[in-house]
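Accompanying notes for the structure given below.
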Amino acid sequence: MRNQKICRRRALQGLGVSMALPWMESMTVSGGRTASGKDPESAADDNAPVRMAVLFSGCGYHSKEWWARGSGAEMELGKVLKPIETFRDRMVFVNGLYNAEALKGNIHSSQTGNLLSGAPLSAGGTIRSGTSMDQVVSQRIGKRTKLPSLVLGCEKANPSVHKNYSMLYSSHISWSSPTSPTPLEVYPALAFDQLFKKRAGRSDRSVLDEILQDASDVRRQISQSDRQKLDEYLNSVREVEKRIELAGQKGELQGWRPTLTEPNLPRPTDGYPQDIVEHMRLMCDILVLAFQTDTTRVCTLKLNNDHGTLRFPHLGVDYMIHHLLSHTDSEDWLRVNQFFLEQVAYIAKRLDSIQEGERTALDNSMIMLCSSMLTGNHEASRLPVVVLGSAGGQIKGGQNLDYSGESNRQMCRLYLSLMDKMGVKLDQFGDATERLSEV
């Protein structure tokens, strides 16, 4: 390896394209200093940065199969959680936390709109919630990365009103301000563009084709192990590109892509991938790429809306929409729950395969799965929460925590603890002034 090192903020450049590099041992921190130089914009050492992801699935889970018993690698899990069973030793199962304000309306919108803020909600069709904890973090640390945050979804927003509350509350978990839900990207191709293109938009030219020469130059300056890491990363980018292109050719991505110089028909109404399996997997892969490249350190992925209308034909569950199915507590509902947990397991497995020094990308991350209610009967006095990853060694795995018998069991206590791990320390957030000491 050459004596010259690569700055951690170095990006591969092409015409209209910028691709951040994955964390590599050959890199120095920003500004060209080594970590011992105490650059104020970097972590205190040469470790990879800590990332935070929030995954959401609406309407809760099967009432008899969301549970954990014991702790550590021997922790027993209910059937809903079976897909993430292999990560028990790096998992924190949390029971008993809640948002007091969410109980006032006792419907889907009022239980989801403040899930990540604990704030009071305005009713009557008006919009006022609170800035969500992911956006509080992104507003504090977002200048360190290309994107302050990445906000993804697999079901479009619903702007209607249900029982005196706006359904925008059911459609968004990320809020940039009390009156502004963070724009939600549901198109995989446009989410991909956010990561790599200087101006978002569709293009027939591959991102990798644009930066190939620059990548070759960087490859000559890094160690052999980092070359392998760079090659694996570029291959994963190419794979996502190919899958997006294939989905478009099959008509599964329904966004407009004209084949004429001038379109001879009006622009079709925006649509979404018909194949929900491929849609969710693409969004999961884009989340992993975003963290792997340090394009952002904060991401939310809304797998569906609360009070959502997704169907699941690949599971043989096409006779009832998600929301209605949640009231049945049937075997079909359990299969749908497990499908959502499979997405969490997929992200965790992908991140765990990426080595970053002595840790993996999963070890350097926090992935929180949550819902706006415990079960489909609107039970929100206890919220389902699982956290995977150790935030760079800051969170002890294998814990089974139950706060249901305590008086101070605000969900925002967990958020204060998670924000600490991202370097954002607040005296108060939402209705909480204390952290969870165990997290």
Side-chain angles (χ1 to χ4, degrees), residues 52 54-61 63 66 92-123 126-137 162-182 300 302-308 326 366 368-387 401-420 424 426-436 438-439:
M52 177 175 69
V54 178
L55 274 65
F56 170 86
S57 62
C59 298
Y61 303 101
S63 65
W66 179 276
V92 180
F93 181 88
V94 186
N95 180 50
L97 300 180
Y98 82 122
N99 284 322
E101 291 290 338
L103 303 183
K104 293 183 177 180
N106 196 35
I107 62 169
H108 293 273
S109 295
S110 69
Q111 293 174 324
T112 307
N114 64 0
L115 179 62
L116 298 185
S117 69
L121 297 182
S122 293
T126 60
I127 303 295
R128 188 168 188 84
S129 178
T131 304
S132 55
M133 67 96 169
D134 65 302
Q135 291 304 305
V136 170
V137 172
H162 179 239
K163 294 187 178 179
N164 209 33
Y165 284 91
S166 170
M167 289 292 283
L168 287 176
Y169 291 142
S170 292
S171 305
H172 297 274
I173 60 171
S174 181
W175 291 75
S176 300
S177 76
T179 57
S180 301
T182 313
T300 62
K302 184 173 64 64
L303 297 173
N304 72 322
N305 292 342
D306 201 83
H307 204 283
S326 71
M366 302 178 292
M368 183 180 78
L369 171 68
C370 59
S371 187
S372 49
M373 57 189 70
L374 182 61
T375 65
N377 65 355
H378 300 197
E379 167 59 89
S381 63
R382 294 178 297 139
L383 294 176
V385 180
V386 168
V387 179
L401 306 176
D402 190 353
Y403 300 94
S404 55
E406 299 188 11
S407 56
N408 296 326
R409 53 189 188 92
Q410 301 95 328
M411 187 75 163
C412 289
R413 291 186 63 191
L414 173 62
Y415 300 154
L416 282 172
S417 294
L418 298 184
M419 288 190 286
D420 279 353
V424 178
L426 304 177
D427 293 331
Q428 178 175 351
F429 181 72
D431 56 356
T433 58
E434 300 177 6
R435 288 140 175 82
L436 295 181
E438 297 88 350
V439 179

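Just so it is clear, the structure is predicted and the values come from calculations on it, not from any experiment. We use all heavy atoms of the structure for the numbers below, so side chains are in, but hydrogens, waters and symmetry mates are not.
In this structure, OH in Tyr165 is found 12.0 Å from CD1 in Ile127, a value given to the nearest 0.5 Å. The OG atom of Ser170 lies 7.0 Å from the CG atom of Asn305; values are rounded to the nearest 0.5 Å. Considering CG of Leu97 and CG of Asn95, their distance stands at 8.0 Å, rounded to 0.5 Å. To the nearest 0.5 Å, atom CD of residue Gln428 and atom SG of residue Cys412 are 9.0 Å apart. The OG1 atom of Thr300 sits 5.0 Å away from atom CD1 of Ile173, with the distance rounded to the nearest 0.5 Å. Residue Met133 holds its CE atom at 4.0 Å from CE of Met368, rounded to the nearest 0.5 Å.
Annotation: salt bridge (Lys or Arg N to Asp or Glu O under 4.0 Å) contacts of Asp420 (sequence neighbours excluded): Arg435. Thr112 is linked by a side-chain hydrogen bond (donor to acceptor under 3.5 Å, both in side chains) to Ser372, counting only residues two or more places apart in sequence or in another chain. Judged as a side chain to side chain contact (heavy atoms under 4.5 Å, CB included), and not counting sequence neighbours, the contacts of Tyr98 are Ala100, Leu103, Arg409.
Glu438 and Tyr403 share a donor-acceptor pair across their side chains, judged by distance under 3.5 Å alone.
Ring geometry for Phe429 versus Tyr415: interplanar angle over 60°, hence perpendicular rather than tilted (30 to 60°). Using cut-offs of 30° and 60° for the angle between ring planes, the Tyr61 and Trp66 rings count as parallel.
A distance-only check finds a donor-acceptor pair linking the side chain of Ser371 to the backbone of Ser57 [under 3.5 Å]. When atom types are taken as modelled, the side chain of Thr375 and the backbone of Ser63 share no donor-acceptor pair closer than 3.5 angstrom. Within the 3.5 Å criterion, the main-chain N or O of Ser174 finds no donor-acceptor partner in the side chain of Ser132.
A 4.5 Å side-chain heavy-atom check between Thr131 and Trp175 finds every atom pair outside the cut-off. Taking 4.5 Å as the limit, some side-chain heavy atom of Met373 sits within range of a side-chain heavy atom of His108.
Legend: salt bridge (charged side-chain N to carboxylate O under 4.0 Å, His left out) pairs involving residues 93-118, not counting sequence neighbours, sorted by first then second residue: Glu101-Lys104. Within the structure, the salt bridge (charged side-chain N to carboxylate O under 4.0 Å, His left out) test picks out no pair touching residues 108-121 (sequence neighbours left out).
Residue Ser166 comes nearest to Thr126 through the heavy atom pair CB-O, 4.4 Å, listed as atom of the first residue, atom of the second, then distance.
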Determine, step by step, whether Val385 and Leu414 satisfy the side chain to side chain contact (heavy atoms under 4.5 Å, CB included) criterion, reporting the C-alpha distance in whole Å, the side-chain angles of both residues, the deciding distance to 0.1 Å, and the verdict. CA-CA 10 Å; Val385 180; Leu414 173 62; 3.8 Å; yes
One pair to check against side chain to side chain contact (heavy atoms under 4.5 Å, CB included): Val136 and Leu426. What are the steps and the verdict? CA-CA 10 Å; Val136 170; Leu426 304 177; 4.0 Å; yes
Without placing hydrogens or testing angles, list every side-chain donor-acceptor pair under 3.5 Å for residues 114-122, not counting sequence neighbours.
{"residue": "Asn114", "atom": "ND2", "partner": "Ala119", "partner atom": "O", "Å": "2.8"}
{"residue": "Ser117", "atom": "OG", "partner": "Ala119", "partner atom": "N", "Å": "3.3"}

